[in-house]
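Data first, discussion second: the structure below is written as structure tokens.
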Amino acid sequence: MKASAIANANIALVKYWGKRNKELILPNNTSISMTADGLYAHTTVEFDKKYKEDIFVLNGRELREGSREYDEYIGLFLKVVREKTKEEDRVKIVSNNNFPTAAGLASSAAGFAALATAFNKALNLDLDKKDLSILARRGSGSATRSIFGGFVEWKKGEKKDGSDSYAEQIASLTYWPDFRMIACITSKKQKKISSRAGMARTVATSPMYKSWLLGIEQDIEKVKKGILKRDFTLVGRTSEENCLKMHATMITTQPAIIYWNKSTIETIQSVIDWRNKGLECYFTIDAGPQVKIMCLEKNVDSIIKRCKKLEGVKDVIVIKPGEGAKITNEHLF
Ligand code: PMV
């Protein structure tokens with residue numbers, strides 16, 4: 001009843017923003033991401049009668065029932081798993097991320113993909129990757145995609161029960177090995193508005209949300225085609241535009257949601273400037289202040305050098321396409 005798993009985070013090229021069903025975590029739009037090598041969650045779970053209550057330790061800190069972080073995420077997920085499996089034993093979960101949690105680096109994607117994978121083994125659920133992506137989805141939408149490696153599409157699906165809302169691989173990590181993202185960390189603080197709350201507020205109040213949805217299918221087609229043809233310009237340009245459209249819906253939400261800081265903007269403007277001068281790169285930003293710069297491997301050194309000169313950039317992480325979630329024999333307790 002004990003199992004461990006490792007799952008990488010992912011960074012969306014076409015973003016998921018907004019749900020059609022909050023309980024089942026069904027999105028309003030299809031999305032595409034790259035699984036991020038080296039930004040991972042390592043999770044161990046154990047179901048056992050010796051535990052009198054569920055225990056959840058995230059990055060060395062115990063989160064308890066009754067706290068927002070516990071109840072809104074892990075608590076709900078455990079309910080889903082218990083309903084599905086009828087498992088009555090309590091569980092101990094220990095999970096570590098090797099990158100800043102909840103600051104716009106998709107920590108929940110890595111966390112829930114690892115957790116679903118570990119539960120699958122510990123409870124002998126025998127789910128295939130498609131069903132595993134559906135289970136991970138119930139923890140956090142973006143986790144749906146982290147089950148797979150390389151470039152991944154999460155189909156929004158049409159069905160009410162969510163059985164057709166799962167992820168599929170578009171191309172493996174070896175298909176486009178020189179695609180890179182350079183994450184510029186501009187703040188290590190936990191964000192104030194979770195993506196869950198942020199997207200709900202956007203759907204409810206942004207006058208631009210309708211037009212966000214209207215443009216999605218085109219962006220999906222372009223990015224998918226770009227990945228399959230390894231057309232960096234098409235993928236980079238479309239992803240950057242898609243990110244700005246998502247942020248336009250956030251900014252026009254009431255009250256406004258602005259995840260950017262001064263250094264986020266400085267980095268964006270620098271990317272545009274470098275590109276105008278012939279260094280091809282594009283940016284993307286999620287629900288946080290970090291800027292992820294898309295480029296090809298041949299330009300990584302030159303871009304890192306420039307990023308390190310930017311005043312507010314605290315850390316720079318180079319990310320390659322990574323593998324999907326997997327079981328490990330290394331237990332954390
Ligand atoms: O799965 P969540 O609730 O962490 O939402 C992720 C939302 C974005 O990161 C902004 C976009 C995405 O598709 O990953």
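Just so we're clear, the structure is a prediction, and the values are computed from it rather than from any experiment.
Classification of R275 and E240 as a salt-bridged pair holds, one side-chain N sitting under 4.0 Å from a carboxylate O. Classification of E53 and R64 as a salt-bridged pair holds, one side-chain N sitting under 4.0 Å from a carboxylate O. A salt bridge between D131 and K84 is absent, with no side-chain N of the basic residue lying under 4.0 Å from a carboxylate O of the acidic one. Electrostatic pairing of D301 and K305 does not count as a salt bridge here, judged by no charged N lying under 4.0 Å from a carboxylate O. Salt bridge present: E158 and K156 bring a charged side-chain N and a carboxylate O closer than 4.0 Å. Electrostatic pairing of R196 and E72 does not count as a salt bridge here, judged by no charged N lying under 4.0 Å from a carboxylate O.
Cation-pi geometry between K130 and Y166 is satisfied (NZ or CZ under 6.0 Å from the ring centre, within 45° of the ring normal). A cation-pi arrangement is not found for R230 relative to F179, the charged atom failing to lie both closer than 6.0 Å to the ring centre and inside a 45° cone about the ring normal.
One N or O on the side chain of S133 and one on the backbone of A167 form a donor-acceptor pair closer than 3.5 Å. Counting only distance, with no hydrogens or angles, the side chain of H247 and the backbone of I285 share a donor-acceptor pair below 3.5 Å. Between the side chain of D286 and the main chain of G288, no donor-acceptor pair closer than 3.5 Å is present.
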Considering only distance and modelled atom types, tabulate donor-acceptor pairs under 3.5 Å from the side chains of residues 326-333, sequence neighbours left out.
residue, atom, partner, partner atom, Å
K326, NZ, E323, OE2, 2.8
T328, OG1, E330, N, 3.0
H331, ND1, S4, OG, 2.6

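Here the side chains of I93 and L78 are in contact, with some heavy-atom distance below 4.5 Å.
Of the residues N28, T202, T249, the one that meets the side-chain hydrogen bond (donor to acceptor under 3.5 Å, both in side chains) test with Y209 is N28. Of the candidates R145, K15, E153, R145 is the only one forming a side-chain hydrogen bond (donor to acceptor under 3.5 Å, both in side chains) with S33.
For the side chain to side chain donor-acceptor pair (under 3.5 Å) test, residues two or more places apart in sequence or in another chain that qualify with D89 are K49.
Proximity of the aromatic rings of F77 and F112 is defined here by a centroid distance below 6.0 angstrom, and this criterion is met.
Cluster annotation: V81 and I134 are assigned to distinct hydrophobic clusters (Ile/Leu/Val/Met/Phe/Trp/Tyr, side-chain heavy-atom contacts under 4.5 Å, transitive). Taking hydrophobic clusters as Ile, Leu, Val, Met, Phe, Trp and Tyr residues chained together by side-chain heavy-atom distances below 4.5 Å, V57 does not share a cluster with Y40.
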